[in-house]
Peer 1: 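My structure is below; once you've seen it, I'll send some questions.
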Protein chains: 2
Amino acid sequence: MPSSTQSDKRRTLTTSKIIEAALSIANTQGIEALSMRKLAAALNVTAMSIYNHVANKEDLLSLMLDNVVSDFELPDEDGPWKEMLRRRAHSMRQTFLRHPWAPTLLISTITNGAHTMRDANATLGCLINAGFSYAAADWARNAIDSHTFGYTMQELNFPVEPTEYRAAADHYLPEISKNDYPYLHGATKALINGDYDGVTQFDFGLGLILSGLAPDQAPDQR
Amino acid sequence: MPSSTQSDKRRTLTTSKIIEAALSIANTQGIEALSMRKLAAALNVTAMSIYNHVANKEDLLSLMLDNVVSDFELPDEDGPWKEMLRRRAHSMRQTFLRHPWAPTLLISTITNGAHTMRDANATLGCLINAGFSYAAADWARNAIDSHTFGYTMQELNFPVEPTEYRAAADHYLPEISKNDYPYLHGATKALINGDYDGVTQFDFGLGLILSGLAPDQAPDQR
DNA sequence: ACCTGAACACCGTTCAAGT
DNA sequence: ACCTGAACACCGTTCAAGT
């Protein structure tokens with residue numbers, strides 16, 4: 001019997017189909033809903049079939065994360081560095097808003113996928129071409145990424161939705177004793193009455209960092 | 001039979017004993033090793049006994065996190081704000097280095113424990129007393145915390161231990177193609193040859209933010 | 001080479017039962 | 001009021017067996 005013409009269940013599953021289905025589950029139902037069994041069910045396959053294409057769940061998550069990183073806007077290595085890095089940071093935030101489960105995993109996972117390495121290379125290249133030393137470029141990128149990860153993760157996990165700030169006032173404020181926590185009480189009230197603009201506030205902190213950075217103010221050149 | 005003199009197993013378990021044991025497991029064996037069953041075993045008790053003192057695992061984690069926050073250095077509300085906030089940020093980083101599992105959970109958990117609220121109140125108070133508006137104080141604290149969380153989480157999850165930087169050179173460098181990723185290749189080599197000083201690098205980014213902040217440069221006062 | 005079913009060693013949590 | 005054992009509905013992963 002020739003093995004060339006087989007139209008059974010083989011070869012229906014591919015790594016990219018698995019990643020696509022996994023991303024879909026994580027984005028719509030949350031990362032905690034992503035189990036190997038549920039993923040298999042979504043692909044009309046047994047849980048164990050997946051292990052023919054990925055080593056284990058950790059490997060699957062790495063592949064998913066490199067796919068997310070591919071959405072970052074790649075800095076032009078010869079463009080104006082502040083503008084390039086600002087655009088990359090904003091696109092990272094936007095990407096994380098679309099994949100709320102990603103930053104927590106990205107920060108705690110070793111990802112050496114092609115997209116991740118290309119992003120790191122372009123970001124460093126942009127700074128180095130602007131006159132930063134290797135060490136200074138590394139410190140600058142680290143400061144920017146710290147803000148991007150830290151801000152967006154706080155934003156994503158804030159217990160109250162922006163649209164519900166005013167409604168949250170009546171709910172949370174009584175729990176914040178005006179005597180014990182006067183400043184927190186006042187700040188909460190002020191916060192709730194104000195407008196929330198995530199982009200502007202993100203850009204505020206990013207601007208503080210970018211304003212302070214300069215090629216010659218590096219850490220000790222090495 | 002009088003119910004007053006009972007020396008059986010009752011009352012041996014307290015919420016604070018549970019938290020203490022849970023912190024010990026998380027700090028020594030990692031947060032993934034903390035299961036209700038293992039925690040119960042460490043306390044010489046059944047898993048279900050724990051549910052008489054905490055609502056569920058999420059509740060337990062919240063209690064653990066408030067305990068961690070109690071290690072943050074509380075800003076003096078009438079002290080010099082830059083110095084106070086710098087000291088608080090550094091103590092947060094040190095606390096996270098002792099509890100590596102904490103920042104990821106802290107950023108994604110609603111904690112309204114007493115220590116958490118006291119920290120927020122003192123931090124905001126320090127800024128407000130320095131002339132910041134409620135809104136400006138909130139933005140300033142957010143920028144500082146973003147850096148503190150983002151930097152420390154990246155630091156904690158960096159795949160290579162500081163002591164193994166040089167050894168990592170021979171291991172990782174061949175995987176970074178010099179043709180495809182020239183800047184990343186060069187930066188990795190430079191990074192490995194340089195010294196790593198986590199405190200100095202953390203303070204670098206923190207300094208950029210603190211230098212840029214000022215009471216009057218707030219977002220639109222409201 | 002790829003897919004499968006059964007099994008293993010775990011989870012968090014519910015429930016009814018004890019004292 | 002507090003502690004327990006058994007059970008439920010899940011996990012990720014191994015393994016031997018199929019094609």
Side-chain angles (χ1 to χ4, degrees), chain A residues 1-26 28-65 101 104-105 108-110, chain B residues 1-26 28-65 101 104-105 108-110:
Chain A
M1 201 165 288
S3 62
S4 56
T5 56
Q6 43 190 13
S7 58
D8 53 350
K9 258 211 156 186
R10 292 186 193 189
R11 299 268 71 193
T12 58
L13 211 55
T14 61
T15 308
S16 58
K17 271 189 196 171
I18 291 171
I19 296 169
E20 196 184 352
L23 286 170
S24 168
I25 291 174
T28 58
Q29 301 170 241
I31 192 71
E32 69 286 347
L34 179 66
S35 75
M36 298 303 264
R37 283 169 168 88
K38 278 190 194 169
L39 176 57
L43 290 159
N44 276 315
V45 115
T46 292
M48 291 313 100
S49 301
I50 298 170
Y51 285 84
N52 289 308
H53 300 88
V54 301
N56 46 36
K57 195 176 183 182
E58 198 185 320
D59 184 32
L60 170 66
L61 291 170
S62 271
L63 293 167
M64 290 166 69
L65 287 171
W101 50 272
T104 304
L105 282 176
S108 65
T109 307
I110 303 167
Chain B
M1 200 167 286
S3 63
S4 54
T5 55
Q6 42 190 16
S7 58
D8 54 350
K9 258 210 158 187
R10 293 186 191 190
R11 297 269 71 194
T12 58
L13 211 57
T14 61
T15 309
S16 58
K17 272 189 195 169
I18 292 171
I19 296 169
E20 196 184 350
L23 286 170
S24 167
I25 290 174
T28 59
Q29 301 170 242
I31 192 70
E32 70 285 348
L34 179 66
S35 75
M36 298 303 264
R37 283 171 169 87
K38 278 189 194 169
L39 176 57
L43 290 159
N44 276 315
V45 115
T46 293
M48 290 313 100
S49 300
I50 298 170
Y51 285 85
N52 288 309
H53 300 87
V54 302
N56 47 37
K57 193 176 185 182
E58 199 186 319
D59 185 31
L60 170 66
L61 291 170
S62 271
L63 293 168
M64 292 167 68
L65 288 172
W101 50 273
T104 304
L105 283 175
S108 65
T109 307
I110 303 167

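In what follows, chains carry the letters A, B, and so on, assigned in the order in which the sequence lines appear, proteins first and then strands, with residues in each chain numbered from 1.
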Peer 1: Might you point out which heavy atoms bring A22(A) and L39(A) nearest each other, and give the distance in Å?
Peer 2: N-CD1, 3.5 Å
Peer 1: Provide, to the nearest angstrom, the distance between the CD atom belonging to E58(B) and the P atom belonging to dT13(C).
Peer 2: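 Between P of dT13(C) and CD of E58(B): 9 Å.
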Peer 1: Expressed as a whole number of angstroms, how long is the span from L13(A):CG to dC2(C):C1'?
Peer 2: 9 Å
Peer 1: Tell me the closest heavy-atom pair linking Y51(B) and N56(B), and the distance in Å.
Peer 2: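 Smallest interatomic distance, heavy atoms only, reads CE2-CA, 3.9 Å.
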Peer 1: So, is T46(A) near the phosphate of dC3(C), with a side-chain N or O under 4.0 Å from OP1 or OP2?
Peer 2: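 No, outside the criterion.
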Peer 1: Would you kindly give the CZ-to-C1' distance between R37(A) and dA9(D), to the nearest whole Å?
Peer 2: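 Computing the R37(A):CZ to dA9(D):C1' distance gives 11 Å.
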Peer 1: What is the distance, rounded to the nearest whole Å, between atom CE of M36(A) and atom C1' of dC10(D)?
Peer 2: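 So the CE-C1' distance, M36(A) to dC10(D), works out to 16 Å.
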Peer 1: What nucleic acid atoms does S49(B) come within less than 4.0 Å of, heavy atoms only: base, sugar-phosphate, or nothing?
Peer 2: base
Peer 1: Round to the nearest Å and state the distance from Y51(A) atom OH to dC11(D) atom C1'.
Peer 2: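 Atom-to-atom, Y51(A) to dC11(D), this comes out as 10 Å.
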Peer 1: Nearest heavy-atom pair of V54(A) and M36(A): which atoms, and what distance?
Peer 2: CG2-CE, 4.5 Å
Peer 1: Measure CG/N44(B) against P/dC3(D) and give the value in whole Å, please.
Peer 2: 13 Å
Peer 1: By nearest nucleotide on DNA chain C, pick out whichever of N52(A) and K57(B) is the more 5' one.
Peer 2: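 Whichever sits nearer the 5' end wins; that is N52(A).
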Peer 1: Establish, with yes or no, whether the OP1 or OP2 oxygen of dC3(C) is under 4.0 angstrom from a side-chain nitrogen or oxygen of H53(A).
Peer 2: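 Yes, because at least one side-chain N or O of H53(A) sits under 4.0 Å from OP1 or OP2 of dC3(C).
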Peer 1: Go through dC11(C), dC3(D), dT13(D) for me and flag the one nearest to the K38(B) side chain.
Peer 2: dC11(C)
Peer 1: Starting from Watson-Crick (N1-N3 plus N6-O4 or O6-N4) and G-U wobble pairs under 3.5 Å, report the runs of at least three that DNA chain D belongs to.
Peer 2: C:4-8 with D:12-16, C:12-16 with D:4-8
